[in-house]
Amino acid sequence: MPTCLVDALAPHVGEAATAALEAAGCRVEVPDGQACCGQPAMNVGLVDEAREMAGRTLDAFSGTEGPVVVPSGSCAEMIVHQYPRLFAGTEREEEAIRLAERVRELTRFLVTDLGAPVKAACDGAVAYQYSCHGLRGLGLDETADRLLEGTVRVDYDGTQCCGFGGLFSVAMPDVSGAIMGERLDAIEASGADYVVGGDVSCLLHIEGGLRKRGSSIEVRHIAELLAPGEG
Amino acid sequence: MSAPVTFVGRAERLLGSPEARAVGAATRHMSANREAAWAEMSWWPDLRDRVRRIRLESLAGLDRLLATFAERVTEAGGRVHFAADAAEAREIVAGILGQAGAKRVVKGKSMLSEEIDLNAHLEAAGVEVTETDLGEWIAQLAGDTPSHIIAPVLHMTRQDVGRVFSEKLGVPYTDDPVELNALARESLRDVFLAADAGITGVNLAVADTGSIVVVTNEGNGRFSSTAPRVHIALMGMERIVPDWPSAAVVLESLARSATGQRLSVYTNVITGPRRPGDPDGPEELHVVIVDNGRSRVLAGETAEILACIRCGACLNVCPVFRTVGGHGYGTVYSGPVGAVLAPSLDGIDARPDLPYASTLCGACQEVCPVGIQIPSMLLDLRRAAAEGGHLPTWIRRGVHAFASATATPGRWRTAKRLARLLTAPLARAGWIRRLPGPGEGWTRHRELRRPAARSFLERWRRRGG
């Protein structure tokens, strides 16, 4: 499941993720009919709209089997924790719970399910941004750290929210920008050459902010470090 | 200039201000203290689970606990008053003061007194009210409102405090904390000794002994509750636990989470007024138990927020609170807990903007000593706000348009191509510098990546996937 943001804005991340999975010996399928998991609607309180989009995601994966790997902690968290709530008491509840059980965020799948058959490589110092939903919702700090074992990490507290927050960054752009500004200061002070993370959403916000500052620090999704040369 | 009415409006004014910078520094300091205090307790998750169970069970048995508590307070010689709302609570307090002929009142810190706007009403009735918590007193002198439930003037620097003292007390300017403290002590001591009545909050009430617990670091709570002849304790009806073993567990978490102390400097336990033979203590003890919307909250989706023990840890870790400060919320209770509590107490129609004042990062829940599920309740409140018609039209329409654009594979393909085409005039080298309309704010601080020439799905299908 590439997620809508990777699909539309960062296809190279999707290709890096599929390449990493293939390098780990997986056969990758990308079922038709998927677009957005519904998180943006859920997070602004439009629950019916969220359920509608979530329903389409259930449809897209209904005829498939095996783990559903998502290169995003926040979209994975939406399915794992919110889908069972969204469909509670409806006829699709079972289906939602089944999909929630099948969903694995990319680093979780590679490390916990496969035993880390691939490792990240990077030609510069890395500041890792653990995205909040992945970190606090799914406990993804250990899986990312494991994959990054071979890289040089700078001293940067990646557990602090970058201020993106989905539509929060559009509805309260200045508050979001101020939170981000503080993080960008920390990133620049850390001496990092790359900001790496597991969520394209937060990374787009951070990369956009770094570009606005004219910073030369580059931004990568962790999948891109797993499959060098791709994308 | 009228005060902005929404969080965004207030936040925009505060961003980058000296006040917001002071909040940023102080909250990081408080968070570091809290982390250090918990680091020495490896069993903290167990303790959190115990506190959570105690608080949720107390809420479940609230009626019974309050009845027992009221009985025990009365047996100990105190009086219990129940107030359904803020107006009734104010009347009760004014009535007690009137009967006692009390004109001069000293107050310990009480968020509930802020919630019911007690000071203004008492002052209008001719009662002289002096805050004795250092932070509250500074706020009172400055004509400011507290911005943090534990540290009321977290938004002020010591230089700010020095200026307030110099201006209001007519003393030479100093920003030395020791000197400032000495000035406060000198000024307040006479006020304490002259006071007819003391009003304090209640951190915790213990049902089976009829005791109230007031924790402070300055001793002002003890002074306020013992020196004057009348003590009035204001208590939110949810602030109760069944017994002392439960209270001990909660108190152990409270100070660590609030200030990073193992225990606060003063933990005052008050059971009844002065008894014959007691060297000090008030002649009368009144406990005013206030509902003011809590029964309604208890019956609703956000009941769990009443389990809060008011440590303020969630404020200190919240990226939004750290950046904006408590005054951005426009409510007595600010930060993540306030974003749930204020719309719950006042109704979502009164505070529809507050549940959106969060990135949903979850840091609040992570540090909460009661494990309160704040992000999930924020989502529930956002749903209520959206259902109440409080969502800005452009967000509602935008989400509808997106839901429709992603409804079928064909539409989604078209939407991606259209987005690519429409952004062509705006982009340079794959990045958009400025967006028009609702996206303008986004690109004020960030550039936006332009949609890819071929989406992942298209590239995957071409590859033969």
Side-chain angles (χ1 to χ4, degrees), chain A residues 2 4 6-15 18 28-30 32-36 38 40-47 49 52-53 56 82 132-133 135-137 159-161 163-182 204-205 207-209 211-212, chain B residues 7-8 11-12 15-16 20 24 319-320 322-324 355-363 365-366 379 381-387 391-392 395-396 399-400 402-403 406-409 412 416 419 431 438-439 441-452 454-460 465:
Chain A
C4 60
V6 164
D7 182 23
L9 296 178
H12 56 285
V13 170
E15 289 177 340
T18 51
V28 182
E29 276 178 66
V30 183
D32 254 331
Q34 49 175 320
C36 172
M42 186 75 189
N43 282 359
V44 294
L46 294 172
V47 176
E49 290 80 351
E52 182 190 325
M53 288 193 247
R56 286 186 217 124
Q82 302 299 338
C132 299
H133 288 179
L135 173 68
R136 301 193 179 88
T159 66
Q160 309 261 327
C161 177
F164 171 64
L167 282 171
F168 173 84
S169 65
V170 186
M172 300 192 187
D174 297 329
V175 180
S176 165
I179 298 170
M180 175 188 71
E182 196 271 331
L204 276 173
H205 158 86
E207 188 171 12
R211 288 183 63 93
K212 197 86 175 180
Chain B
F7 179 84
V8 184
E12 275 170 5
L15 283 176
V320 175
R322 281 180 169 186
T323 310
V324 175
Y356 293 93
S358 163
T359 64
L360 300 176
C361 78
Q365 183 173 340
E366 187 177 52
L379 282 180
L381 287 166
R382 288 178 184 193
R383 195 197 64 226
E387 283 171 1
L391 202 59
I395 293 184
R396 186 181 291 276
V399 170
H400 282 165
F402 185 59
T406 53
T408 64
W412 178 223
K416 283 180 283 190
W431 287 81
W442 213 85
T443 48
R444 215 178 297 146
H445 305 278
R446 322 152 190 81
E447 297 186 5
L448 179 64
R449 190 192 282 274
R450 190 183 171 203
R454 281 208 180 81
S455 73
F456 172 78
L457 289 174
E458 281 178 75
R459 280 156 70 155
W460 182 261

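Throughout, a chain's letter reflects where its sequence line sits, starting with A, and its residues are numbered from 1.
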- Item | Side chain / backbone / both / neither for L204(A) at chain B, heavy atoms under 4.5 Å | both

- Task: Dump the intermediate steps for side chain to side chain contact (heavy atoms under 4.5 Å, CB included) on C4(A) and W412(B), then the final yes or no.
- Result: CA-CA 10 Å; C4(A) 60; W412(B) 178 223; 3.7 Å; yes

- Task: Go through the atoms of R322(B) and report whether side chain, backbone, both or neither lie under 4.5 Å from a heavy atom of chain A.
- Result: side chain

- For each of S169(A), A171(A), A10(A), G166(A), tally heavy-atom pairs with chain B at distances under 4.5 Å, and name the one with the top tally. S169(A)

- Query: Can you find a heavy atom in the side chain of V47(A) that is under 4.5 Å from one in the side chain of E387(B)?
  - Reply: no

- Message: Using side-chain heavy atoms (C-beta onward) and a distance below 4.5 Å, is F402(B) in contact with M53(A)?
- Response: yes

- Please flag which part of V324(B) lies under 4.5 Å from any non-hydrogen atom of chain A: side chain, backbone, both or neither. side chain

- Query: Does the side chain of F168(A) reach to within under 4.5 Å of the side chain of S358(B), using non-hydrogen atoms?
  - Reply: no

- Query: Counting distance only, does the side-chain N/O of R382(B) pair as donor-acceptor with the main-chain N or O of N43(A) below 3.5 Å?
  - Reply: yes

- Non-hydrogen side-chain atoms of W431(B) and E207(A) separated by less than 4.5 Å: yes

- Select, from E49(A), M172(A), R56(A), the one with the greatest count of heavy-atom pairs under 4.5 Å involving chain B. R56(A)

- Atom pair CG/CG of L457(B) and D7(A) - distance to nearest 0.5 Å: 3.5 Å

- Task: Kindly give the heavy-atom pair with the smallest separation between P319(B) and C161(A), and that separation in Å.
- Result: CG-CB, 3.7 Å

- So which heavy atom on G14(A) is nearest to which on F456(B), and how close? C-CE1, 3.3 Å

- The interface call for A407(B) against chain A, heavy-atom contacts under 4.5 Å, is both

- Message: Between K212(A) and E447(B), does any side-chain N to carboxylate O distance fall below 4.0 Å?
- Response: no

- Contact leader toward chain A among V8(B), L379(B), L381(B), where contacts are heavy-atom pairs under 4.5 Å: L379(B)

- Between R454(B), Q365(B), H400(B), the one whose heavy-atom pairs under 4.5 Å with chain A are most numerous: H400(B)

- Query: Tell me, do V399(B) and L167(A) make a side-chain contact under 4.5 Å, heavy atoms counted?
  - Reply: yes

- Query: Does the R446(B) side chain pair with the main chain of P173(A), one donor and one acceptor, at a distance under 3.5 Å?
  - Reply: yes

- In short, A35(A) meets T406(B) closest at the heavy-atom pair CB-CB, 3.6 Å

- To the nearest 0.5 Å, atom CG of D174(A) lies from atom OG1 of T323(B) at 12.0 Å

- Note on the structure: Counting heavy-atom pairs under 4.5 angstrom with chain A, the leader among A403(B), A386(B), A11(B), A20(B) is A403(B)

- Task: Side chain from CB out, backbone as N, CA, C, O: work out which of these in S176(A) comes under 4.5 Å of a heavy atom of chain B, or both, or neither.
- Result: both

- Counting only heavy atoms closer than 4.5 Å, note whether L360(B) contacts chain A via side chain, backbone, both or neither. both

- Item | Pairwise side-chain contact, T18(A) with W460(B), heavy-atom cut-off 4.5 Å (strictly under) | yes

- Query: Relative to chain A, which segment of A363(B) carries a heavy atom at a distance below 4.5 Å: side chain, backbone, both, or neither?
  - Reply: both

- Note on the structure: Separation between CG (L448(B)) and CZ (R211(A)), nearest 0.5 Å, reads 11.0 Å

- Taking the side chain as every heavy atom from C-beta outward, state whether C361(B) and R136(A) have any pair of such atoms under 4.5 Å apart. yes

- Task: Would you mind reporting whether W442(B) and H205(A) have side-chain heavy atoms less than 4.5 Å apart?
- Result: yes

